[in-house]
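Along the sequence shown, residues carry numbers from 1. Everything quoted here is computed from the prediction, not taken from an experiment. When reading the values below, keep in mind they use all heavy atoms of this one structure, side chains included, and skip hydrogens, waters and symmetry mates. Both ligands and their constituent atoms are indexed starting at 1 by order of listing.
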Amino acid sequence: MVISPELTRFIAGLPKAELHVHHIGAASPRIVAELAARYEGATAVPADPALVEAFYDFRDFAHFLRVYAQVVDLLRTPEDLWTLIHGVGGDLAAQRVRYAELTITPQPHLTRGFAPEEFCEVIEDARRRVEADYGTILRWCFDIPGVPGPPADQTLSIALDQRPDGLVSLGLGGPEAGVSRSHFAPHFAAARAAGLHCVPHSGEVTDAGYVWQAIRDLGAERIGHGIRSVEDPALLEHLAEHRITLEICPTSNVCTRAVPSLAEHPLPALVEAGVPITVNSDDPPMFGTDLNREYAVAAELLSLGEKGVADLARAAVEASFLGAEGKSALLAEIDAYVAQNSSAPPG
Ligand SMILES: [Zn+2]
């Protein structure tokens, strides 16, 4: 990373919106250690933040999935889930994230015995407390864990039957390869009919054909990752023309081997093609990153200065599902910050 200390500071203070971050994947070592301490002797997860950091040390995708499952296993009571969401909200606020759409996968919690009403009550209470304590607005993307059948049906049911106030969208994560996006067309049709937005993951490790499926069969308004779109000029044109935003998470793509290195990330080619993009962090502590670092990576890849990174923050606000009033307020906050903190001489 060769961006200047001034630009690093500018990014750290810049009011931002985060549109692609997972609730489990955002659990910091501090939060996980706090949860593990509640179950000492009944979990393999260490109760010391430094040891959790080593436990997170990412080896391969299979290791990542094991770590993820062990963190899910620490969320045994409503208080545990509340602690996680409130802690994640605090961590986002500390990075000057003013608005976040947190992708939350209800299914593993339902499997562990949470009742749908209880699950929604807890996350809603934590969401309100985050806003009261830190001023950061949270919204939910309920995420289908990539498996057709009951897991997908349960996710749709909890979304539509409970319809918590903070819910804005339906997502689709989990394994992509060999799982046609089209399996989930009925779920996304029902979500759209109920007024929810549609933001499936697609084209992260799978080819551009999966992105077309997400657009045509699921009505995707934004795409999680979508980086393989770069292989299909007609798709790039479609994304640009219809203003379908790709939620780009550069470090995550390297960690999952979706791209070989940051230097080879297709972000510059996507921007060059006129595709709307936002910069996001995905599973930040598990990938050794945070949103500020991802902005620095993007600044490096796209040769951006202060104006460019402020435009990234504005693009995330524009692509968000925040209402018109909320968008104007956050854009004004960004403008005020730029006016006060820009190191460039006026004029
Ligand atoms: Zn993701």
Metal proximity, D282 vs the Zn ion (ligand 1), N/O/S cut-off 2.8 Å: yes

Geometry at the Zn ion (ligand 1) - H201 NE2 versus H20 NE2 angle, rounded to 10 degrees: 90°

Distance-only donor-acceptor check, side chains T289 and E294, under 3.5 Å: yes

Lys/Arg N to Asp/Glu carboxylate O, E124 vs R128, below 4.0 Å: yes

Any N, O or S atom of H22 closer than 2.8 Å to the Zn ion (ligand 1): yes

Any donor-acceptor N or O pair under 3.5 Å, side chains D80, Y39: yes

Side-chain donor-acceptor contact under 3.5 Å, D143 with H22: no

